[in-house]
Amino acid sequence: MLQIQTIRDKKEEIIQALTKRNLDASPLVNGVLDLDEKRRATQTQLDNTLAESNKLSKEIGHLYKSGKAQEANELKAKTSALKEDSKVLSEQLANATEELQTLLYQIPNTPHDLVPAGSSEEDNEEVFQEGTIPVLAEGALPHWELAKKYDLIDFELGVKITGAGFPVYKGKGARLQRALISYFLDKNTDAGYTEMQVPHLVNEASGYGTGQLPDKEGQMYHVTEDNLYLIPTAEVPVTNLFRDEILAESDFPKRYTAYTPCFRREAGSYGAHVRGLNRLHQFDKVEIVRVEHPSKSYEALDGMVEHVKNILRDLQLPYRILRLCGGDLGFTSALTYDFEVFSTAQDRWLEISSVSNFETYQANRLKLRFKDENGKSQFAHTLNGSALALPRVLAGILENYQTPDGIKIPDVLVPYCGFEVID
RNA sequence: GGAGGAAUGGCAGAGUGGUCGAAUGCGGCAGUCUUGAAAACUGUUGAGGGUCACACCUCCGGGGGUUCGAAUCCCUCUUCCUCCGCCA
């Protein structure tokens, strides 16, 4: 969430910036400022009451010690009124704080200057494109047909044991996916990201920390018995490793990578565009996460973009990079680049990575801070990106590398697969 | 799952009702000494709220209670340790 201090100092700028999200934030912002004032006034009253009460208690202690029980008892009577007051005040304070929190949770991150205005994905700005779109032979198939033809993925079997959106990968299909995971992890660790294996279930506090809660509760599978959530992305457990931490400046940069399955309910999204691997309830992803000094975070974002580019060059997949417009930008992000691979067989772009800088928005919720050169605590910046999401990369490879004689495996993956062609 | 024990500052570890935000040691930082370093010595060193700055308030695993007053007593939850059971 936004920092209350920033809202106090830069109210108009914030409202202005949020118009890019097509949001009139002035009622929210004004509400926040009113509540903030109310909260502080209540806090001051409570503090004064407690100070008075603390003082009396000390006196009572001294009086008892010096044997003046009579006088002590007189003072005791005075404290009961203060006690009543402080009880009422602390309830008011708790209410004001909670209301304030609720409002703050409703304000999305302020978009970076580079974020283009716009209302939907139509308005995203293409900033880069690279790679040759292959010309496929007559009769080229979409990946779900290829998966069936070569017995790589069984969607029906997944329906049988779980439901739609939970595919079963088989034989060379499973092996290719595993090869991609290993390859991505190797690329990431070579680039300085430390590999982590993290839990696939997280608690409520973690959900709040990275911003999945309370806004996107319906997107996560909730294990109510234990009040745990299946992770929608490794971003959640990995970023939460730093919850409640105060780093030293010398700790930067922090770079992590993790492979995890991801679980998303994706309620209500059905249709032609979600066929095959295009949208799943469970999928694999290799994530990169960085925690950075505020002055270095955009440099870091650019570095992550370059890194993902390198992977796609390695795989020789045609791709483009979009700068998300205000209307398409995630709630917690300040600036996001989406990577899309062109699928020739489907004749459409498939999103395979999303790289974002959250600035202090998550750090504020996480209480992730560092000591600056003056010894003062400041919020760090958090970033993350997919490197990469598996299903659509798999789809892109199957579709773009198909030949009448089978599917060729990209050169960099051959050592990981142990075969050169699927036929 | 059963029985017992524990949770205090970056770490270790005192503190069982008032003078405790908290001894002491280690670590960190600054200084003295030194050509430099080490050692030694001196000082300093938790977080949040609040204030122009002070004052002041809150926090001793989380929540609740007793009391004029709680790190200290009671209840509850969580986590960790030991023993037993089960088990990949």
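Values reported hereafter were calculated over all heavy atoms of this structure, with side chains retained and with hydrogens, waters and symmetry mates removed. Quick note on labels: first sequence line is chain A, next is B, and so on, each numbered from 1.
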Nucleotides 26-31 of chain B: which of its N/O atoms have a protein N/O under 3.5 Å away?
none

Searching all strands shown, indicate the nucleotide that pairs with [N] (Watson-Crick or G-U wobble; both distances under 3.5 Å).
N: B:A30; value: B:U42
N: B:C52; value: none
N: B:G9; value: none
N: B:A14; value: none
N: B:U72; value: none
N: B:U82; value: B:A3

Whole Å only: how far is the [atom1] atom of [X] from the [atom2] atom of [N]?
X: A:Asp244; N: B:G10; atom1: CG; atom2: P; answer: 12 Å
X: A:Asn227; N: B:U79; atom1: CG; atom2: P; answer: 13 Å
X: A:Leu100; N: B:G50; atom1: CG; atom2: P; answer: 11 Å
X: A:Glu204; N: B:C77; atom1: CD; atom2: C1'; answer: 15 Å
X: A:Leu93; N: B:G50; atom1: CG; atom2: C1'; answer: 12 Å
X: A:Leu228; N: B:U78; atom1: CG; atom2: P; answer: 13 Å
X: A:Leu247; N: B:G10; atom1: CG; atom2: P; answer: 14 Å

Closest heavy-atom contact between A:Phe184 and A:Leu315?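 Taking A:Phe184 first and A:Leu315 second, the nearest heavy atoms are CE2-CD1, 4.1 Å.
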
Gap in Å between the two C1' atoms, one belonging to B:G69 and one to B:C20, rounded: 13 Å

With A:Leu152, the side chain to side chain contact (heavy atoms under 4.5 Å, CB included) member among A:Leu146, A:Leu394, A:Leu398: A:Leu398

Keeping to residues at least two apart or across chains, list the salt bridge (charged side-chain N to carboxylate O under 4.0 Å, His left out) pairs with something in [range].
range: residues 29-54 of chain A; result: A:Arg8-A:Asp36, A:Asp36-A:Arg39, A:Asp36-A:Arg40
range: residues 232-254 of chain A; result: none
range: residues 146-173 of chain A; result: A:Asp151-A:Lys170, A:Asp154-A:Lys170

Residues two or more places apart in sequence or in another chain: which of them pass side-chain contact (heavy atoms from CB on, under 4.5 Å) with A:Pro294? A:Phe370, A:Gln378, A:His381

A:Tyr193: which residues meet the ring pair (Phe, Tyr, Trp, His ring centres under 6.0 Å) condition with it, sequence neighbours left out? A:His307

It should be established whether A:Arg369 places a side-chain nitrogen or oxygen under 4.0 Å from OP1 or OP2 of nucleotide B:G48.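 Yes, A:Arg369 has a side-chain N/O under 4.0 Å of OP1/OP2 on B:G48.
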
Do nucleotides 53-72 of chain B as a string where each nucleotide becomes B, S or -: B if the base has a protein heavy atom under 4.0 Å, S if just the sugar-phosphate does, - if no protein is that close. ---SSS---------BS---

Output a table of donor-acceptor pairs, distance under 3.5 Å, between side-chain atoms of residues 110-121 of chain A and any protein atom two or more places apart or on a different chain; print 'none' if there are none.
from, atom 1, to, atom 2, distance (Å)
A:His112, ND1, A:Leu114, N, 3.0
A:Ser119, OG, A:Asp123, OD2, 3.4
A:Ser120, OG, A:Glu122, N, 3.2

Identify each donor-acceptor pair in which a side-chain atom of residues 406-423 of chain A lies under 3.5 Å from a protein atom, sequence neighbours left out, and give them as a table.
from, atom 1, to, atom 2, distance (Å)
A:Tyr416, OH, A:Asp186, OD2, 2.6

